[in-house]
Amino acid sequence: MSYSVEIDRKWQKKWEETGLYKFDPNKKGDKLYCLEMFSYPSGANLHLGHWYNYSLTDSWSRFKRMQGFNVFHPMGFDAFGLPAENYAIKTGIHPQDSTLKNIATMEKQLKEMGATFDWDYELATCMPDYYKWNQWLFIKLFEKGLAYRKNALVNWCPKCQTVLANEQVIDGKCERCDSEIERKNMTQWFFAITKYAQELLDCLPQLDWPEKTKKIQTNWIGRSEGSEVSFFCEKDGEQLKDENGDPLKLTVFTTRADTFMGVTYVVVAPESEICTRLTTEAQKEAVEEYKAFTAKASDIDRMSTTREKTGVFTGSYAIHPLNGKKVPIWASDYVIAGYGTGVVMAVPAHDERDFEFATKFGLDIIRVVASSEGAEDELPYCEKKGVLVNSGEFDGIEMHKAIDAIVNKLATMDMGSKKVNYRLRDWLISRQRYWGTPIPMIHCPSCGIVPVPEKDLPVLLPYDVEFKPDGESPLAKCDSFMNCKCPKCGADAKRDPDTMDTFVDSSWYELRYPDNKNSGEIFNKDLINKMCPVDKYVGGPEHAAMHLLYSRFICKAMRDMGLLNFDEPFKSLVHQGIILGPDGNRMSKSRGNTVAPDEYVSKYGSDVFRTYLAFGFAYTEGGPWSDTGLQAIVKFVNRVERLADDIKDIKDSYDPSSLSKDDKDLNYVLNYTIKAVTYDTDRFQFNTSIARMMELINAISKYQQSGNVNKGFLRHTVETLLILYAPYAPHFTEEQWEKIGNGYSIFNQEWPSFDESALVKDTIEIAVQINGRVSFKVDIPSEADQASVEEIVKSDPRLNDALAGRSIVKFIYVKGRLANIVAK
RNA sequence: GCUCGUGUGGCGGAACAGGCAGACGCAACGGACUUAAAAUCCGUCGGAGUAAAAUCCGUACCGGUUCAAGUCCGGUCACGAGCACCA
């Protein structure tokens, strides 16, 4: 029977019956936790991206298993989320129904892929036995002060009548309906990820992650070293006081304290509280008008850096602590309320934005840094080098030293200090959505916010809910859900109507897999410390600054709560590339360039498909799909099958110590192949692994044609080839293994080791270069030293011709590679 | 605008750690087998050049370091990604 999808089914059935891939934590071998990012059960079928991610990571995990590791390889579903809800709004099919149906389909397809997932450890985030612990985690974070509520600006889609997550805002527009996003103030739940900003940064270097991903996280966290400096304020001629009656300090964050003597005005974010505080009666109308104007501005406008600066004078003044000057305080939306203190000191001479603003509104511009003493650089001069001028006692000081000098001086007055800021914001996790984990909080009119007691978890997501969007949380309209008793005082109370961002669900799922049936706790601490962290994590790079950051934060928070004792959830990370359509564009239905795996798999079998995915692309790069490339794999698989036919009746053994010249040549290729495939598969270089196996097949063909075949050795070679190929083509190789009379299963075979001595050749061919260009080639003993190689080369008759009268200045020999003669 | 990444034949892609560029495969071309086709097997396959060789050019472009550069350094261009008034 030649290879087909029937063979797939045969072995899938056998694997399942015999429990070949059941994970046993007590089995011998080092634990290895291999995980792919779980999938969102949106469509009915697995798409090519799933195949590319899952089938090849499965090959890697099979390889590790054969190497003797005790591999834990679970799979589950990120089952809550917007697409199912949107689909429900469109079709009326309840998200729970469509999701469960999709999960069933995907499970079946994943099994048909022939992956080693142990389904006993499956999880789906939409099931109460999972989201119960999501709620439990939320309450723990709340108790630790890491979950809190505050009023914030959120993204609002006026057409869909709902809040959108940041990631659902594409270039300022709603991903679904393309309308412009508005900003709206709402009271929301946040996770205090910023408390871990520094540690999230500090742990990055030790992670075996793609450098680019680490860079994205570094930028996203955005550490910025600077200083905070303060001004006293004057409103309507009087000094402003704080709530204690002390003089009010207006504090700003700056990275350029050296330019402090050049401050000519101060800017506050218009939506900040301090702005209202500073606005004088005379300016009130103008400021209010401006606030309304900025609130209306769309994200599109805000994002534009070419947008003209706008702003309004608040009427108040800041007093410069060093020179006593009164500088005006303005409000402008080029200052971001959420970053730093939401207040900026403006130095138009040395900042482009301040310069533009000052020019437009006629504010003073004072040069305080010059590239060299007395230089009249063009303004704004923003280079971070130079010396101070027009700065009184600080004149002549180099700018970096001046930062310290000025901050130190301010510190003695209690008006300044060094400060580190981060761009990272706390994680807004509330969603005015139906299909997610209900936030387990109760709002009591007398007790305030009260967590649901642990014994009452999970707070079940009700089934019968009107989830069509109208601007209110769908759960808010479900009285049976909303009405409850306060756990503290027993009075009538309301539940929180929001659900959690689905990134919460996925921020700890890797920790639930090993203990997915635990109903008494989120997971067993000892077990999780043994099983985690994940040793190899594979998924798309699009999660670099979201999921991959959230998970790291939750892991650290859990550690600090004593739930586990490691610092990082994913030790080693690989991103697969993206497979494009045959035309080189991203696959999309509208382009009509999609490739449906099912059609190919049913026609060619899973293993042909898997091998093509392995061979046709650099794994981390991806690339365009090609049907003819797939045909090449059919040929390859057929060649392997014919080799298996050739050896299936061979019973001879062979004596490894008495190999002929031809045997030795083949043995060299065999051992080289073992070495290369082992090395390349380990580092996700699947394409070159397959290439090496193709070379081995070519060498076997030559060997067979030589007419001088050692049957036992041939059998050994083909058997080894089958084992090497097994991770890539599990069904096919299992079938061949059976056919040639070997026992079940090929996956219980040990991974072959290579014989270093077989890789040593007696003589090797090296290239002889003259001045770096290859001139001719010569055979030398492989162990020859430089002196003897020089002698061999110099006695070669071709050398004189090549030198053409030049004399040898220098002779360089790179062992086993080449000789280079410098000639003049 | 800033930051990062990538650029190799007709195509997908190789190239340890600076050491014979183009592995392996696809497509193409020539041949064997065949009545024929498919399948299989053998051979050619970066460009210029030649009867064939020799030889020269060639890893986006310009320059540098080195005995030797796809690889390292400086600059330019193109494409892609991330961030985006972060003070």
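So you know, we letter chains A, B, ... as the sequences are listed, proteins then strands, and number each from 1.
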Chemist: Rounded to whole angstrom, note down the P distance from B:G9 over to B:C61.
Modeler: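 It comes out at 10 Å once rounded to the nearest Å.
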Chemist: Stems in RNA chain B: runs of 3 or more consecutive Watson-Crick or G-U pairs, distances under 3.5 Å?
Modeler: B:1-7 with B:77-83, B:10-12 with B:24-26, B:28-32 with B:40-44, B:46-48 with B:55-57, B:60-64 with B:72-76
Chemist: B:G9: syn or anti, with syn meaning chi within 90° of zero?
Modeler: syn
Chemist: Can you find a side chain N or O atom of A:Arg425 that sits less than 4.0 Å from OP1 or OP2 on B:C83?
Modeler: no
Chemist: When the ring planes of A:Phe260 and A:Phe231 are compared, do they come out parallel, tilted or perpendicular, using 30° and 60° as the limits?
Modeler: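 The rings of A:Phe260 and A:Phe231 sit tilted, inter-plane angle from 30° to 60°.
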Chemist: Look at the rings of A:Tyr612 and A:Trp625 and say which category their plane angle falls in: under 30° parallel, 30 to 60° tilted, over 60° perpendicular.
Modeler: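 Because their plane-to-plane angle is over 60°, the rings of A:Tyr612 and A:Trp625 count as perpendicular.
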Chemist: Answer yes or no on whether A:Lys309 is positioned over the face of A:Tyr334, meaning its NZ or CZ is under 6.0 Å from the six-membered ring centre and within 45° of the axis.
Modeler: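 Yes, cation above the ring, under 6.0 Å and within 45°.
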Chemist: B:A68 P sits how many Å from A:Tyr813 OH, rounded?
Modeler: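 One finds 20 Å between P of B:A68 and OH of A:Tyr813, rounded.
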Chemist: Measuring only the C1' atom in each nucleotide, how far is B:U8 from B:A69? A whole number of Å is fine.
Modeler: 14 Å
Chemist: If you look at every strand shown and take non-hydrogen atoms under 4.0 Å, does A:Gly311 touch a base, only sugar-phosphate, or nothing?
Modeler: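 Nothing, no heavy atom under 4.0 Å.
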Chemist: With C1' as the reference atom in both, quote the distance from B:A32 to B:U50 in angstrom, rounded to an integer.
Modeler: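 Here B:A32 and B:U50 have their C1' atoms 29 Å from each other.
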Chemist: Would you say B:U66 has OP1 or OP2 under 4.0 Å from some side-chain N or O of A:Asn820?
Modeler: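 Indeed not, no polar side-chain atom of A:Asn820 lies that close.
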Chemist: Examine A:Tyr52 together with A:Phe617 and report whether their ring centres are nearer than 6.0 Å.
Modeler: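 Yes, close enough.
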Chemist: Taking the P atom in each of B:G70 and B:G19, what is the distance between them to the nearest angstrom?
Modeler: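 It comes out at 10 Å once rounded to the nearest Å.
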Chemist: Classify the ring geometry of A:His547 against A:His543: parallel below 30°, tilted from 30° to 60°, perpendicular beyond 60°.
Modeler: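 Answer is perpendicular, since the angle exceeds 60°.
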Chemist: Taking only heavy atoms on the protein side, list every residue of residues 686-695 of chain A lying under 4.0 Å from any atom of RNA chain B, sorted numerically.
Modeler: A:Asn687, A:Thr688, A:Ala691, A:Arg692, A:Met694, A:Glu695
Chemist: Given the P atoms of B:A15 and B:C20, what is the spacing between them in whole Å?
Modeler: 13 Å
Chemist: Report the relative orientation of the aromatic rings in A:Phe609 and A:Trp51; use parallel for angles under 30°, tilted for 30 to 60°, perpendicular for over 60°.
Modeler: perpendicular
Chemist: Charged N to carboxylate O below 4.0 Å: is that the case for A:Lys360 and A:Glu308?
Modeler: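 Salt bridge between A:Lys360 and A:Glu308, a charged N being under 4.0 Å from a carboxylate O: yes.
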Chemist: Would you say the rings of A:Phe355 and A:Tyr381 are close, in the sense that their centroids are separated by under 6.0 Å?
Modeler: no
Chemist: Give a yes or no on whether a salt bridge exists between A:Glu783 and A:Lys815, defined as a side-chain N under 4.0 angstrom from a carboxylate O.
Modeler: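 A:Lys815 and A:Glu783: salt-bridged.
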Chemist: For A:Phe684 together with A:Phe686, are the ring centres under 6.0 Å from each other?
Modeler: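 For A:Phe686 and A:Phe684, the ring centres are under 6.0 Å apart.
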Chemist: For B:U55, does either OP1 or OP2 sit under 4.0 Å from a side-chain N or O belonging to A:Arg773?
Modeler: no
Chemist: Taking only side-chain nitrogens and oxygens of A:Lys635, does any of them come within less than 4.0 Å of OP1 or OP2 of B:C26?
Modeler: yes
Chemist: Give one of base, sugar-phosphate or nothing for A:Lys212, where a contact means two heavy atoms less than 4.0 Å apart.
Modeler: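 If one applies the 4.0 Å heavy-atom cut-off, A:Lys212 turns out to touch a base.
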Chemist: OP1 or OP2 of B:A87 less than 4.0 angstrom from a side-chain nitrogen or oxygen of A:Tyr334, does that happen here?
Modeler: no
Chemist: In whole Å, what separates the P atom of B:C72 from that of B:U6?
Modeler: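 Looking at atom P only, B:C72 and B:U6 are 9 Å apart.
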Chemist: Taking B:C24 as the reference, what is the distance to B:G46 when you measure between their P atoms (whole Å, please)?
Modeler: 13 Å
Chemist: Between B:C42 and B:G7, how many Å separate the two P atoms, rounded to a whole number?
Modeler: 34 Å
